Asks: 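Here's a structure for you.
Since we're looking at a predicted model, the values are computed, not measured.
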Amino acid sequence: MIENKKKKTIVITGGGTLGHVLPILPVVYSIYKDYNLYFIGTNKGVEKKYFDDNNIDVYFKKIYYLDMIGIDRKNIFKNIITV
């Protein structure tokens, strides 16, 4: 039987505060050789600077930084722009 050696892909996202990123980094360090890892974060968030300062980008196949804004819970009409 021929075994499929194709690497699986995992996408990790962050929201600008490192709250999603820091807890997952130990997992990233242990699986990056076995998976195609991608990261999607924000241009204005702290994860971009953190990744650059700590050479984290070497663990990911590709990193994307997007312009994003959060949901305004006080002004519902402003959220139309967010969408």
Asks: Same cluster or not: are Tyr64 and Phe60 linked, directly or through other Ile, Leu, Val, Met, Phe, Trp or Tyr residues, by side-chain heavy atoms under 4.5 angstrom apart?
Replies: no
Asks: Could you list the residues that satisfy salt bridge (Lys or Arg N to Asp or Glu O under 4.0 Å) with Asp53, not counting sequence neighbours?
Replies: Lys49
Asks: Do Val21 and Ile12 have side-chain heavy atoms sitting under 4.5 Å apart?
Replies: no
Asks: For this output row, return yes or no: ring centroids of Tyr59 and Phe39 closer than 6.0 angstrom.
Replies: no
Asks: Consider side-chain contact (heavy atoms from CB on, under 4.5 Å). Of Thr9, Leu37, Asn36, which one does Lys61 pass it with?
Replies: Asn36
Asks: Could I get the full list of side chain to side chain contact (heavy atoms under 4.5 Å, CB included) partners for Asp34, not counting sequence neighbours?
Replies: none
Asks: Would you indicate whether the side-chain heavy atoms of Leu66 and Asn43 approach each other to under 4.5 Å?
Replies: no
Asks: Please say yes or no: joined through hydrophobic side-chain contacts below 4.5 Å, possibly via intermediate residues, are Phe51 and Tyr35 part of one cluster?
Replies: yes
Asks: Got a sec, which residues hit salt bridge (Lys or Arg N to Asp or Glu O under 4.0 Å) with Lys8, two or more places apart in sequence or on another chain?
Replies: none
Asks: So Thr42 and Glu47, do their side chains get closer than 4.5 Å, heavy atoms only?
Replies: yes
Asks: Side chain to side chain contact (heavy atoms under 4.5 Å, CB included) with Asp57: which residues, sequence neighbours excluded?
Replies: Asn55, Ile63
Asks: Hydrophobic clusters here meaning ILVMFWY residues chained together by side-chain heavy-atom distances under 4.5 Å, can you tell me if Ile40 and Ile56 are in one?
Replies: no
Asks: Considering non-hydrogen atoms only, spot the tightest contact between Lys7 and Lys33 and give its length.
Replies: NZ-O, 3.0 Å
Asks: Let me check something: any side-chain donor-acceptor pairs from residues 22-32 under 3.5 Å, sequence neighbours excluded? List them with distances.
Replies:
unit_1	atom_1	unit_2	atom_2	d
Ser30	OG	Pro26	O	3.4
Ser30	OG	Val27	O	2.9

Asks: Thr17: which residues meet the side chain to side chain contact (heavy atoms under 4.5 Å, CB included) condition with it, sequence neighbours left out?
Replies: none
Asks: Can Lys62 be said to sit on top of Tyr38's aromatic six-ring, NZ or CZ under 6.0 Å from centre and within 45° of the ring axis?
Replies: no
